[in-house]
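Contents: one structure, followed by commentary.
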Number of protein chains: 4
Amino acid sequence: MRIEKYRIEEHNQAGMAAQQRAFEYLSGEIKNVPEILQQLIAFQVGIPSWALGTGGTRFGRFPGGGEPRNLEEKIEDIGLIHQLNQSSGAISLHIPWDIPSNPAHIKAMAAQHGLRFDAMNSNTFQDQPGQKWSYKFGSLQHVNKDIRKQAIEHNIEVIRHGIELGSDALTVWLSDGSCFPGQLNFRHAFQNTLEGLQEIYAALPDHWKIFVEYKAAEPNFYSTTVGDWGQSLLYANKLGPKAYTLVDLGHHLPNANIEQIVALLLMEGKLGGFHFNDSKYGDDDLTVGSIKPYQLFLIFNELVEGMDARGMNHTTDLGWMIDASHNVKDPLEDLLQSVEAIMITYAQALLVDRKKLLAAQQNNDVVTAQEILQQAFRTDVRSLVAAARIQAGGALNPLALYRAEKVREHLIRERGAKTMATGL
Amino acid sequence: MRIEKYRIEEHNQAGMAAQQRAFEYLSGEIKNVPEILQQLIAFQVGIPSWALGTGGTRFGRFPGGGEPRNLEEKIEDIGLIHQLNQSSGAISLHIPWDIPSNPAHIKAMAAQHGLRFDAMNSNTFQDQPGQKWSYKFGSLQHVNKDIRKQAIEHNIEVIRHGIELGSDALTVWLSDGSCFPGQLNFRHAFQNTLEGLQEIYAALPDHWKIFVEYKAAEPNFYSTTVGDWGQSLLYANKLGPKAYTLVDLGHHLPNANIEQIVALLLMEGKLGGFHFNDSKYGDDDLTVGSIKPYQLFLIFNELVEGMDARGMNHTTDLGWMIDASHNVKDPLEDLLQSVEAIMITYAQALLVDRKKLLAAQQNNDVVTAQEILQQAFRTDVRSLVAAARIQAGGALNPLALYRAEKVREHLIRERGAKTMATGL
Amino acid sequence: MRIEKYRIEEHNQAGMAAQQRAFEYLSGEIKNVPEILQQLIAFQVGIPSWALGTGGTRFGRFPGGGEPRNLEEKIEDIGLIHQLNQSSGAISLHIPWDIPSNPAHIKAMAAQHGLRFDAMNSNTFQDQPGQKWSYKFGSLQHVNKDIRKQAIEHNIEVIRHGIELGSDALTVWLSDGSCFPGQLNFRHAFQNTLEGLQEIYAALPDHWKIFVEYKAAEPNFYSTTVGDWGQSLLYANKLGPKAYTLVDLGHHLPNANIEQIVALLLMEGKLGGFHFNDSKYGDDDLTVGSIKPYQLFLIFNELVEGMDARGMNHTTDLGWMIDASHNVKDPLEDLLQSVEAIMITYAQALLVDRKKLLAAQQNNDVVTAQEILQQAFRTDVRSLVAAARIQAGGALNPLALYRAEKVREHLIRERGAKTMATGL
Amino acid sequence: MRIEKYRIEEHNQAGMAAQQRAFEYLSGEIKNVPEILQQLIAFQVGIPSWALGTGGTRFGRFPGGGEPRNLEEKIEDIGLIHQLNQSSGAISLHIPWDIPSNPAHIKAMAAQHGLRFDAMNSNTFQDQPGQKWSYKFGSLQHVNKDIRKQAIEHNIEVIRHGIELGSDALTVWLSDGSCFPGQLNFRHAFQNTLEGLQEIYAALPDHWKIFVEYKAAEPNFYSTTVGDWGQSLLYANKLGPKAYTLVDLGHHLPNANIEQIVALLLMEGKLGGFHFNDSKYGDDDLTVGSIKPYQLFLIFNELVEGMDARGMNHTTDLGWMIDASHNVKDPLEDLLQSVEAIMITYAQALLVDRKKLLAAQQNNDVVTAQEILQQAFRTDVRSLVAAARIQAGGALNPLALYRAEKVREHLIRERGAKTMATGL
């Protein structure tokens with residue numbers, strides 16, 4: 001489904017007076033507005049193909065309706081999100097859920113929606129029908145060489161699909177680990193995994209990156225073989241310059257200081273990308289910014305500072321992706337909320353007065369350092385984000401327009417009330 | 001499947017010399033051996049009908065084979081466990097997964113296996129095919145009265161099934177809660193839930209109990225409407241004398257002191273029962289005693305102390321049940337390990353010298369208090385547990401005999417390699 | 001030290017243009033501005049007398065200078081804070097650190113600074129010189145009746161001091177608990193504590209309240225005898241209508257949903273008061289709002305909703321106090337930041353559109369419910385808070401004026417660089 | 001104080017019959033008894049000089065009596081422990097608390113007690129009287145080069161003291177970090193710290209090691225500059241072959257899998273040593289094995305496996321030290337309990353049937369792998385540990401003899417009831 005351009009314009013027109021008031025007020029208070037607008041327009045967040053349907057837990061799943069039935073419909077859904085917010089111009093595919101039967105067609109279709117293909121995701125945490133070997137006891141870590149080989153080949157196949165689509169990165173999230181003490185020899189598991197990653201690494205095209213994602217627990221409940229940033233960095237360093245760590249916000253032990261991890265990975269030149277979401281208890285995969293928005297701000301604060309210190313391009317030098325699950329919300333609405341939270345937070349991070357902050361740090365003026373961060377975070381930048389979006393051709397209020405256009409009702413009529421997208 | 005009695009005897013005979021050595025040594029070191037043996041023989045742990053198949057996570061499920069295809073086969077499986085360890089003489093059913101079409105037959109069949117029916121479990125955390133209203137946004141907490149009514153009626157139906165089978169308790173675990181701030185009015189949710197529980201309570205036969213189970217998180221990831229023991233106790237107190245709190249070991253926030261909770265609930269006369277399992281990160285539902293065996297001992301230490309202080313019967317005055325999930329183990333083997341861990345720990349708790357402990361506490365002799373507990377915990381009581389089991393007609397080493405008899409292979413031949421038991 | 005009134009006026013004048021711009025913009029966007037201003041002006045946060053000096057940890061303490069040397073100087077310091085922000089019109093004393101030798105004089109002096117005496121705090125977690133019995137193994141929980149009696153009498157003495165000063169509440173925080181399994185009989189410890197609290201309760205004047213504070217851990221590292229809200233509520237219910245639970249934000253297990261606890265305590269009519277601070281790992285006692293400002297907002301959201309539902313007075317019906325420790329900041333600056341964070345958050349909570357929120361909840365419109373909360377939280381209300389403050393006679397920017405006036409330098413000159421306030 | 005040799009013999013004689021029964025029974029059940037006895041006899045745990053007095057928290061300290069007043073008395077205390085258990089033959093000093101005025105004398109005195117000098121500990125987390133620069137805002141991380149230099153020089157001074165005493169390792173625990181977001185530039189803090197460590201590293205004698213200890217939080221409550229094993233390993237790798245990571249059991253985030261960390265550090269050849277203690281909530285510094293004895297066993301299981309895989313000497317290739325705090329126990333009794341827990345656990349880890357475990361792992365036989373570990377952990381090895389101790393000249397039951405000899409009473413008479421050892 002596409003929204004007619006004039007409908008967007010009408011919507012924008014209706015809210016423009018209030019937007020102008022807010023934007024003008026804010027423009028009087030902050031510096032570098034044009035530059036920030038350009039940075040906001042450039043910033044794009046990848047949408048995962050598996051987040052377009054209703055998610056669930058081991059206790060059940062309560063599907064909504066109108067979920068995309070195939071890759072084409074997934075691209076349409078992301079295209080719609082991007083049409084509304086102009087900040088979601090990338091799609092992150094998951095193999096085997098999204099194997100394109102006709103890659104050229106899919107690529108062209110995505111391009112029509114203004115979408116490029118972000119990191120490809122492999123899956124060795126589930127068994128697929130017809131699969132020879134089971135991943136019940138892991139994939140790259142497995143004691144059985146045949147199973148490791150199968151997992152390696154799957155990842156190489158994912159790279160091949162990615163090449164055809166113009167992607168340039170592979171995200172490897174391994175659920176490998178153990179549920180009980182004694183189940184694994186940790187060292188052997190690490191070494192098997194490393195060897196597998198090395199074979200996959202060898203199959204990467206020159207300009208590709210591989211992202212080694214870590215996670216503290218789930219689905220294994222005693223150990224995970226890529227369990228924290230320290231382990232991921234060990235793998236990445238042993239693999240070589242194309243290997244990076246990927247940070248998923250929900251994959252940490254309680255109370256972890258994620259922003260410090262981000263700063264150190266950037267320092268080491270080994271931060272590859274992000275999976276955005278939010279959580280209170282574990283890998284809850286909630287809407288970005290819905291639980292701990294200040295933590296998100298502190299992370300972006302480190303990202304901006306650290307990328308600038310290395311002369312990195314904010315938009316293209318890291319992989320920015322959402323990885324959320326939508327159990328009680330319309331997935332598209334949830335994604336609109338998530339991207340909005342990211343844009344707001346990025347804008348706030350751009351407002352931080354870095355010179356003053358550094359000066360406060362140099363003076364151990366902790367009070368002022370806190371004030372500087374809070375000054376940025378307490379600033380209401382929503383009109384700034386909206387201005388960028390409108391300038392890029394998007395909607396003043398994507399969520400409001402989505403509802404006004406009755407998109408979900410339309411999708412249900414078109415696709416049915418009981419469709420079920422592939423994914424978790 | 002039943003194991004021939006002579007096979008058990010042969011197995012016991014083969015290991016009897018070592019068992020005798022161990023038992024004789026231990027008998028010389030501890031007091032009250034005959035009394036402890038009687039207590040161990042009397043102690044029975046309920047097996048949940050949903051734990052006989054392979055469990056899984058939202059990321060997948062890796063089934064084994066030979067899983068029970070119906071309630072009869074579930075009873076057979078538990079009967080086999082009980083035959084081996086003589087400590088699993090109860091079954092805890094889950095409705096609608098285990099609705100008995102012919103209750104009298106089921107009851108008789110269970111009796112043949114020496115099994116009684118422990119607490120019945122209702123399910124308002126999933127939608128069943130053909131169900132009128134969805135529990136997507138809760139059941140007893142729901143803003144819609146019709147949905148609350150449907151959930152109440154389901155619970156009353158579960159009581160009816162339980163009456164037919166001779167059960168005398170209902171466990172209500174509600175997944176009700178919210179995933180996002182703002183989703184719920186906490187007060188309204190509590191009050192709706194209370195009203196629903198009151199209607200269910202009113203339908204309880206005189207000699208029945210209702211167990212209100214609490215859980216910190218999952219499947220809701222922001223709030224749970226019966227979230228901790230404090231909330232459960234509030235409900236139980238408002239409901240009346242037949243209402244109790246049920247403690248599941250995996251349902252707490254990190255670092256919670258569960259043994260203190262147990263002691264206080266016993267003090268208040270409001271501890272109803274237990275769901276045993278173990279965990280490292282959350283509600284991991286791992287084998288009992290596999291991660292934190294000393295915590296389990298400290299809990300049993302409070303149970304024994306607190307029950308004795310109230311003159312309660314160890315065996316019958318609380319509901320003892322396992323609630324675990326078996327993702328990487330043969331479910332029956334896992335259950336054998338879990339029951340063994342419980343029996344060992346109960347035996348150790350019985351060894352605690354309570355007079356000396358009280359004296360040490362009265363003197364603030366913290367060192368001696370610790371020594372007394374560790375003295376019990378460090379004692380190898382396996383031969384004691386085995387002696388009780390053999391005396392009751394069970395196997396010296398249930399797990400070893402289970403494997404020697406190739407039970408799983410037999411079940412796979414009988415039931416097929418791809419059966420899938422109802423459950424999580 | 002007092003700041004000359006004209007200095008405040010000059011300071012306000014200098015920033016007034018920007019303030020007016022912000023306030024006028026905001027006034028155009030929100031409703032009920034005059035009413036909210038009145039609520040903000042009325043709202044007062046108690047400052048603890050022990051938070052005026054540099055705090056520390058078991059690893060050390062790095063004092064600043066100019067700390068108050070006696071109760072008079074503490075009142076001066078709080079008077080100064082209140083002069084600047086007009087929102088700190090109460091002082092919470094700690095006995096024995098702040099025993100007033102001349103209560104009438106102290107009371108008059110406080111009144112001159114516009115301060116009233118908030119809840120009194122007793123101390124049975126330390127041994128004082130000359131004290132007969134040691135609290136090494138607890139106070140009200142103690143196995144020795146003489147020690148319990150000493151602790152009871154101390155609390156009654158604190159009430160007497162409070163009466164003389166015009167306070168009307170006693171906060172009892174007990175560090176009682178245990179460091180090792182076996183050290184305590186949990187039930188006896190609870191019952192001893194209850195009996196002690198009952199004797200203290202009996203000594204309360206009619207219009208007084210007693211606040212039973214809970215804490216998960218520290219200084220005891222295995223159990224705490226008032227360890228969570230469930231335990232505190234048990235005590236409060238057994239004590240009677242003058243007993244309430246006090247919530248300290250840092251006293252919970254990881255990931256606890258504090259806002260739900262607040263809502264339920266209000267529902268039960270048993271929430272008595274608050275100790276504000278912030279934390280990342282444990283009872284870190286950091287500046288309010290410095291780590292999890294959205295959690296603070298969600299708590300205030302429940303407070304406003306729950307108090308309104310019971311027709312409670314926002315200002316007077318709960319005890320609002322800060323309980324923080326300032327290890328690396330000037331304590332007065334830290335307190336100014338904390339009160340500012342509280343006022344901002346309270347203002348945001350007042351902005352929540354409760355009708356719309358209830359409607360969204362009634363429709364299970366989770367997306368809209370989240371939007372409503374975020375709408376309030378993302379609003380920059382600093383100019384609103386400042387307007388209220390200016391209207392009440394305070395400074396536009398208390399922290400900036402504090403620094404411009406070189407208050408700390410002045411205090412160091414007056415009191416010395418090596419003074420050390422009583423407290424932690 | 002020394003205990004007369006004949007008193008030890010009398011004590012041993014009195015309990016020998018029971019010990020013999022237990023040992024003979026156990027010897028019949030396990031293999032390699034003589035070899036295990038030799039390993040137990042060889043194994044020595046370093047005692048920290050700061051753990052001989054009563055510890056405390058920021059809330060207070062409740063001293064006992066008879067605490068050592070100087071380094072000589074500390075050596076006497078450790079000598080006594082070692083005399084009793086023959087497993088505490090090393091002392092870990094802390095500078096400046098333990099600066100030896102006459103190193104040759106101290107060294108000789110230690111030798112008389114059979115003690116060698118384990119890792120030296122520096123202190124840049126407190127300010128000492130007369131110190132030029134303050135560590136309020138860190139030491140090696142500090143923005144001020146002079147302060148970094150002061151901290152570097154202190155560490156080099158500690159090395160010098162260590163050389164004189166025959167130590168061969170330096171433990172650097174930095175409390176450096178921040179209490180608030182914005183306070184630190186994480187990257188600069190890391191780099192300053194690295195440069196400081198590099199200078200200290202350059203001052204190490206050839207055969208020395210430097211241990212970089214990590215800690216998640218406290219005394220800084222927002223970030224720590226050596227916060228987890230990943231950070232410590234980064235430093236250690238950048239420093240060179242003499243730099244290692246030191247693991248303190250209480251320095252992790254909730255739920256961390258410490259045994260996996262240990263295995264990976266051993267794999268990398270970068271595990272340097274251990275600080276043993278136990279905890280429930282944070283860095284509680286409780287008696288080893290008093291809270292999570294199975295976790296301790298799993299750690300030792302990895303240690304034995306990993307050291308054997310690298311051909312390392314169990315006794316000499318890692319630094320084994322206790323780091324506990326004794327708030328409610330007699331420190332010497334606490335240390336006796338801690339060392340006993342370590343010896344028991346080490347013995348159990350030596351019992352693990354590694355061949356069978358590896359075979360189970362190769363077959364993904366999770367049930368058997370668990371059984372093998374539990375088989376070792378459930379074995380009562382106390383008589384084995386006692387046999388080794390007696391063989392080495394120690395006491396059958398060190399704690400019982402310590403009490404029977406009224407050591408504490410003796411020390412109080414000798415040193416006074418109000419002495420206070422340097423330390424935390």
Side-chain angles (χ1 to χ4, degrees), chain C residues 54-64 123-128 134-138 173 175 177-184 215-224 250 253-255 277-287 290-293 325-329 334 337 423-424, chain D residues 54-64 123-128 134-138 173 175 177-184 215-224 250 253-255 277-287 290-293 325-329 334 337 423-424:
Chain C
T54 308
T57 71
R58 62 175 170 137
F59 293 100
R61 187 174 172 278
F62 299 94
N123 178 340
T124 61
F125 53 88
Q126 292 179 324
D127 288 349
Q128 307 300 331
S134 170
Y135 296 130
K136 183 168 191 166
F137 298 105
W173 172 60
S175 75
S178 64
C179 274
F180 294 98
Q183 178 179 344
L184 276 192
K215 186 174 185 185
E218 195 212 20
N220 273 296
F221 294 120
Y222 171 61
S223 74
T224 305
L253 292 175
N255 305 338
N277 49 52
D278 212 336
S279 65
K280 188 167 177 63
Y281 302 99
D283 187 30
D284 307 335
D285 277 336
L286 302 178
T287 316
S290 63
I291 303 292
K292 300 175 194 155
S325 178
H326 323 290
N327 304 350
V328 295
K329 290 179 178 175
D334 196 333
Q337 289 186 308
L424 293 178
Chain D
T54 309
T57 71
R58 61 175 172 139
F59 293 100
R61 187 172 173 279
F62 299 94
N123 177 340
T124 61
F125 54 88
Q126 292 179 323
D127 288 348
Q128 306 301 330
S134 169
Y135 296 129
K136 182 168 192 166
F137 299 104
W173 172 60
S175 75
S178 65
C179 274
F180 294 97
Q183 179 180 343
L184 275 193
K215 185 174 185 185
E218 195 212 21
N220 273 295
F221 293 119
Y222 170 62
S223 74
T224 303
L253 292 176
N255 305 338
N277 49 50
D278 212 336
S279 65
K280 187 164 178 63
Y281 302 99
D283 187 30
D284 307 335
D285 276 338
L286 301 178
T287 317
S290 63
I291 304 289
K292 301 175 194 154
S325 179
H326 324 290
N327 305 349
V328 296
K329 290 179 179 174
D334 196 333
Q337 288 186 308
L424 291 179

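A, B, ... follow the sequence lines: proteins, then strands. Residue 1 opens every chain. Remember, predicted model here, so these are calculated numbers, not experimental data.
Applying the side-chain contact (heavy atoms from CB on, under 4.5 Å) rule to C:P63 yields the partners C:R61, C:E67; only residues at least two apart in sequence or on another chain are considered. Scored by the side-chain contact (heavy atoms from CB on, under 4.5 Å) test, C:S279 finds C:D284, C:K292 as partners (sequence neighbours excluded).
Between the C:Y281 side chain and the D:Y222 main chain, a donor and an acceptor come within less than 3.5 Å of each other.
Heavy-atom distances place both the backbone and the side chain of D:N327 under 4.5 Å from chain C. With a 4.5 Å cut-off on non-hydrogen atoms, C:S290 touches chain D through its backbone and its side chain both. Only the side chain of D:F137 comes within contact range of chain C, with heavy atoms under 4.5 Å apart. Both the backbone and the side chain of C:P219 come within contact range of chain D, each with at least one heavy atom under 4.5 Å from a heavy atom of that chain.
The shortest distance between side-chain heavy atoms of C:F59 and D:W173 falls below 4.5 Å.
To the nearest 0.5 angstrom, C:T57 atom OG1 is 9.0 Å from D:F125 atom CZ. Taking CZ of D:R58 as the start and CG of C:D283 as the end, the distance is 4.5 Å to the nearest 0.5 Å. Remark: C:F180 CZ to D:K280 NZ distance equals 13.0 Å, nearest 0.5 Å.
Considering C:T287, C:I291, C:D285, C:V328 in turn, C:V328 is the only one that fulfils the side chain to side chain contact (heavy atoms under 4.5 Å, CB included) rule with D:C179.
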